[in-house]
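Residue numbers run from 1 in the order of the sequence given. Worth saying up front: this structure is predicted, and the values here are computed from it rather than measured.
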Amino acid sequence: MKEKDLKRAYNNVMAQTISASHQHLFAGNMFGDIFALRINELDKGSEEPPRKLKIFPQGPGIDINCLAFHRDFLIVGAVGLIYGVPWNEETETLAMKRSWEVKIPMQVDAVEVPDVNSMWLNADNDTLFAGCGDGVIYQVSLEDGRIQREFRGHTDYIHSVVGNADGQIFSGAEDGTVRVWSTTSQEQTALLEPFKNPQLLRQDWGKWIGAVAVNEDWLLCGGGPRPAIYHLRSLECTRVFDFPGRVHLCEFVDDCVLIGGEYNHVQSYTLNGELQANIPVEHTSCYSVVWQTAPINLMSIAGFSNKLHILKDFRFLDSKIELYGNVQGEDGKAEDEDEELIDEPMIGEAS
């Protein structure tokens, strides 16, 4: 199979983010490519299609697991590594050279470099929290690249990390727990085990937690267990959502809940559990959603497919944006530049 055909067929977009200016959308995949799209291109009339995307390859051995944007840097979480790349808003280009990088330390008994699976950015104090495959959350200073603290307690790899303005950090992991941490305390402050709730347990799908979200009053999580809302202060389960698949993403969007994963629809619910939107998707599994309300209403859903699914009112699908096959300059490449791929690992060996 030719490389371009393989990438179209097996494109897996794990991460998205929006620039600080709210003008550009970035999507990163397991092939190590970052796509950039000007958001106002999606606001054109139906007679004028959006212009093609820009692509910025990150090199061999880079699996892009998560993205964040801070000031004028795109922050990339990969295998054993977090790094920052300058973004030029005027020329719409991502620098070829990294400005900084932070290597995740290997544990004494580890056999492989841990993935950076999830990142939460506290932009107010230039701090990044990275949930990794070794079950540790690393607090990283973006001022000097120093790892300031390690949050330890999970016994398996972390899938999701989020935080709030009160200095709380929330993490969900393969060990089936959601743990609550404080930046002012040495130990975890609370522990949830959703799989022990008979209403939530789905025996065939295991106990792992794939996604966590918080707002001012509520905590939302799901994975193998059914997605559910907990009151943030009492941590009592108050609502269970009847999402049919395994959960890999969940978000509070305004006063609603968005849930997606291994199902052919992403669903939007009211906080009372009423299904209000059933959004069809082509992804085998959905892994990422980003959204904004200004200057342009936009939501982008991504996962295991070659398309971004775009919504403007957050309930109805407006368009689908192709990734590979829709890149500036692709049309000018000669067919004879394509090479047949041989069966060799796509991931570089960790040093």
Side-chain angles (χ1 to χ4, degrees), residues 12-17 28-34 58-68 70 73-85 98 100-122 127-142 144-163 169-181 183 186-188 191 206-212 221 223-224 246 248-249 285 287-288 304 345-351:
N12 192 6
V13 178
M14 299 292 292
Q16 299 179 95
T17 193
N29 67 12
M30 301 302 286
F31 291 114
D33 291 327
I34 295 174
Q58 297 301 290
I62 298 295
D63 294 356
I64 299 171
N65 298 323
C66 42
L67 293 172
H70 186 49
F73 286 92
L74 181 67
I75 303 173
V76 180
V79 178
L81 186 67
I82 302 169
Y83 63 89
V85 188
R98 302 168 187 171
W100 54 266
E101 65 178 41
V102 178
K103 292 184 178 179
I104 303 301
M106 282 189 67
Q107 305 302 313
V108 175
D109 56 348
V111 295
E112 59 184 13
V113 178
D115 288 7
V116 179
N117 292 324
S118 179
M119 300 187 302
W120 180 73
L121 171 68
N122 187 335
T127 304
L128 189 74
F129 296 84
C132 297
D134 56 5
V136 180
I137 303 168
Y138 296 90
Q139 179 179 325
V140 179
S141 168
L142 296 181
D144 57 15
R146 183 171 55 91
I147 295 177
Q148 298 173 316
R149 180 180 169 185
E150 299 178 3
F151 298 81
R152 295 177 175 271
H154 284 293
T155 59
D156 212 332
Y157 49 89
I158 297 170
H159 288 294
S160 181
V161 174
V162 294
I169 307 299
F170 307 83
S171 55
E174 189 74 11
D175 61 13
T177 67
V178 175
R179 297 173 190 256
V180 185
W181 315 83
T183 54
Q186 291 298 316
E187 304 294 332
Q188 67 187 38
L191 172 71
K207 64 182 183 179
W208 56 276
I209 299 296
V212 180
C221 65
R246 298 174 177 88
H248 293 293
L249 71 84
S285 184
Y287 293 109
S288 170
F304 194 92
M346 297 294 295
I347 302 174
E349 188 173 315
S351 58

Minimum-distance pair of heavy atoms, taken over all atoms of Asn65 and Val116 = CB-O, 3.0 Å
Testing Ile82, Val85, Asp144 for side chain to side chain contact (heavy atoms under 4.5 Å, CB included) with Trp100, which one passes?
-> Ile82
Test item: Met119 and Ile75 side chains (from C-beta on) under 4.5 Å apart, heavy atoms = yes
Does any non-hydrogen side-chain atom of Val178 lie less than 4.5 Å from one of Ile209?
-> yes
Nearest heavy-atom pair of Trp181 and Ser171: which atoms, and what distance?
-> NE1-OG, 3.0 Å
Minimum heavy-atom separation for Cys66 to Ala15, with atom names?
-> CA-CB, 3.3 Å
Look at the side chain of Arg149 and the backbone N and O of Gln186, then say whether any donor-acceptor pair between them is shorter than 3.5 Å.
-> yes
Report yes if some heavy atom in the side chain of Asn117 is under 4.5 Å from a heavy atom in the side chain of Ser160; otherwise report no.
-> no
Kindly indicate whether the side chain of Ser285, heavy atoms from C-beta on, has any atom under 4.5 Å from the side chain of Arg246.
-> no
Taking side chain as C-beta onward, heavy atoms only, is Ile64 less than 4.5 Å from Ile34?
-> yes
Between Thr183 and Gln139, the two heavy atoms sitting closest are CG2-OE1, 4.4 Å
Distance (rounded to the nearest 0.5 Å) between Leu128 CG and Gln148 CD | 10.5 Å
Taking atom types as modelled, find out whether Tyr83 and Gln58 have a side-chain donor-acceptor pair closer than 3.5 angstrom.
-> yes
Donor-acceptor contact present, side-chain Asp134 to main-chain Pro114, <3.5 Å | no
Does the pair Arg98 and Leu81 meet the rule for a side chain to side chain contact (heavy atoms under 4.5 Å, CB included), with working shown?
-> CA-CA 12 Å; Arg98 302 168 187 171; Leu81 186 67; 3.3 Å; yes
Which of His159, Glu174, Arg179 passes side chain to side chain contact (heavy atoms under 4.5 Å, CB included) with His154? Answer is Arg179
Show your reasoning for whether side chain to side chain contact (heavy atoms under 4.5 Å, CB included) applies to Thr127 and Leu142.
-> CA-CA 6 Å; Thr127 304; Leu142 296 181; over 6 Å; no
Which of these, Phe170, Trp120, Tyr138, sits in a ring-ring contact (aromatic ring centres under 6.0 Å, His included) with Phe129?
-> Trp120
Atom NE2 in His248, atom CZ in Phe304: separation rounded to 0.5 Å?
-> 12.0 Å
Mind listing the closest non-hydrogen atom pair of Val13 and Tyr287 along with its distance?
-> O-CB, 4.1 Å
Considering only heavy atoms from C-beta outward, does the side chain of Leu67 approach that of Val76 to under 4.5 Å?
-> yes
Let me see the working for Leu249 and Ser288 under side chain to side chain contact (heavy atoms under 4.5 Å, CB included), right down to the final yes or no.
-> CA-CA 6 Å; Leu249 71 84; Ser288 170; 5.7 Å; no
Intermediate values then yes/no, side chain to side chain contact (heavy atoms under 4.5 Å, CB included), Ile147 and Val140 | CA-CA 4 Å; Ile147 295 177; Val140 179; 4.3 Å; yes
4.5 Å side-chain heavy-atom contact, Ile158 and Ile137 | yes
